[in-house]
Amino acid sequence: MKHLLPPLPYDYAALEPHIDARTMILHHNKHHASYVANLNSVLGEFPELHERTALWLLLNSSKVPKEIRTVVRNNIGGHVNHSFFWRNMCPAAGGAPTGLLVDAINHDFGSLKQFKTQFTEAGAKLFGSGWVWLARTQPDDGGSLQVYTTSGHDNPLMRGHWPVMVNDVWEHAYYLKYENRRVDYLNAWWSVVNWEEIALRFDRSEHSAEQRWETEGGHILRATN
Ligand code: MN3
């Protein structure tokens, strides 16, 4: 089974003017596509890994042969994170979250406004390339919401947290339009946030681990032969 580049759930120009079509084309069709291509290429000679899912590869780095471990880790993270990121945005979006997520945000951050400020500041402060997350800790660890950044393509799943929301703060996500003004990108990005999807992800954090994995894995596409 080969890993596949998932199609964007909207047109490349759909997030204009906040995220321009040229950035989206390069980001999806070149950057994300190259993580998938690199992954399939490096896994080619390791048949024992051919049936492993993307999430397994992300979380079982120590079981991947040493000679390809770093390459697999970098590319699988790129693939998983971007697969999540595209669904995390949509056209005609923005506004405010609904449902249980609102209560949790108010409880853990004080207000939506304070949460957004914290998320934007974390993204702005990240040194180098990485991602900014809203993640939920395990229920037996309090189940609280946290904002933090990861470098490279690391993911909250790697520390046992459930990723609820994410923004890409690698330069390739914004440089063509915003150049070095990362904060402008971070602020504009709120206009394309798909709160409906994020609220669903938060609801899913209440599901059993098994159900969560199944839904999450179902979004990360693979060829059947
Ligand atoms: Mn990216």
Side-chain angles (χ1 to χ4, degrees), residues 3-42 54-55 57-59 61 70-91 93 119-135 147-159 161 163-194 197-198 201 216 219-222:
H3 299 271
L4 288 180
L5 177 68
L8 266 195
Y10 35 76
D11 292 341
Y12 285 114
L15 306 181
E16 295 261 15
H18 314 290
I19 303 184
D20 58 297
R22 194 162 155 244
T23 295
M24 288 301 289
I25 292 168
L26 280 169
H27 201 173
H28 178 261
N29 208 28
K30 300 288 183 210
H31 288 281
H32 188 171
S34 79
Y35 298 126
V36 176
N38 292 342
L39 195 61
N40 286 325
S41 157
V42 77
L55 292 176
L57 290 166
L58 181 77
L59 298 176
S61 174
T70 305
V71 183
V72 168
R73 179 176 166 147
N74 290 340
N75 288 285
I76 197 69
H79 177 37
V80 169
N81 290 359
H82 285 95
S83 296
F84 174 16
F85 178 58
W86 308 129
R87 301 193 320 282
N88 193 147
M89 301 184 289
C90 69
F119 192 92
T120 301
E121 279 177 0
K125 277 186 197 149
L126 172 69
F127 184 76
S129 299
W131 299 76
V132 55
W133 304 89
L134 172 66
V147 165
Y148 55 82
T149 55
T150 55
S151 66
H153 287 314
D154 285 356
N155 182 301
L157 292 168
M158 295 161 84
R159 51 177 98 169
H161 296 171
V164 176
M165 171 175 176
V166 70
N167 192 6
D168 188 341
V169 276
W170 283 55
E171 280 190 345
H172 68 222
Y174 62 87
Y175 204 84
L176 285 178
K177 181 177 170 76
Y178 294 95
E179 299 177 333
N180 62 330
R181 301 180 306 276
R182 189 197 279 177
V183 174
D184 291 353
Y185 159 71
L186 291 167
N187 284 324
W189 183 77
W190 292 108
S191 299
V192 296
V193 167
N194 184 353
E197 164 75 14
I198 292 158
R201 291 189 65 85
E216 189 71 3
H219 288 301
I220 304 170
L221 301 183
R222 307 186 75 197

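Heavy atoms only: backbone and side chains are in, while hydrogens, waters and symmetry mates are out. Order of listing sets the numbers, starting from 1, for every ligand and every atom in it. In what follows, residues are counted from 1 in the order of the sequence shown.
- Each of His31, His27, His79 was compared with Trp86 under the ring-ring contact (aromatic ring centres under 6.0 Å, His included) criterion, and only His27 meets it.
- Of all heavy-atom pairs between Ser61 and Arg73, the closest is OG-CD, 4.5 Å.
- Rounded to 10°, the angle that OD2 of Asp168 and NE2 of His27 form at the Mn ion (ligand 1) is 90°.
- With 2.8 Å as the limit, His172 counts as an N, O or S neighbour of the Mn ion (ligand 1).
- Side-chain atoms of Asn88 come within 3.5 Å of backbone N or O of Val166 as a donor-acceptor pair.
- When all heavy atoms are compared, the tightest approach of Val147 to Ala122 is CG1-CB, 3.8 Å.
- Checking His82 against the Mn ion (ligand 1), an N/O/S atom falls under the 2.8 Å cut-off.
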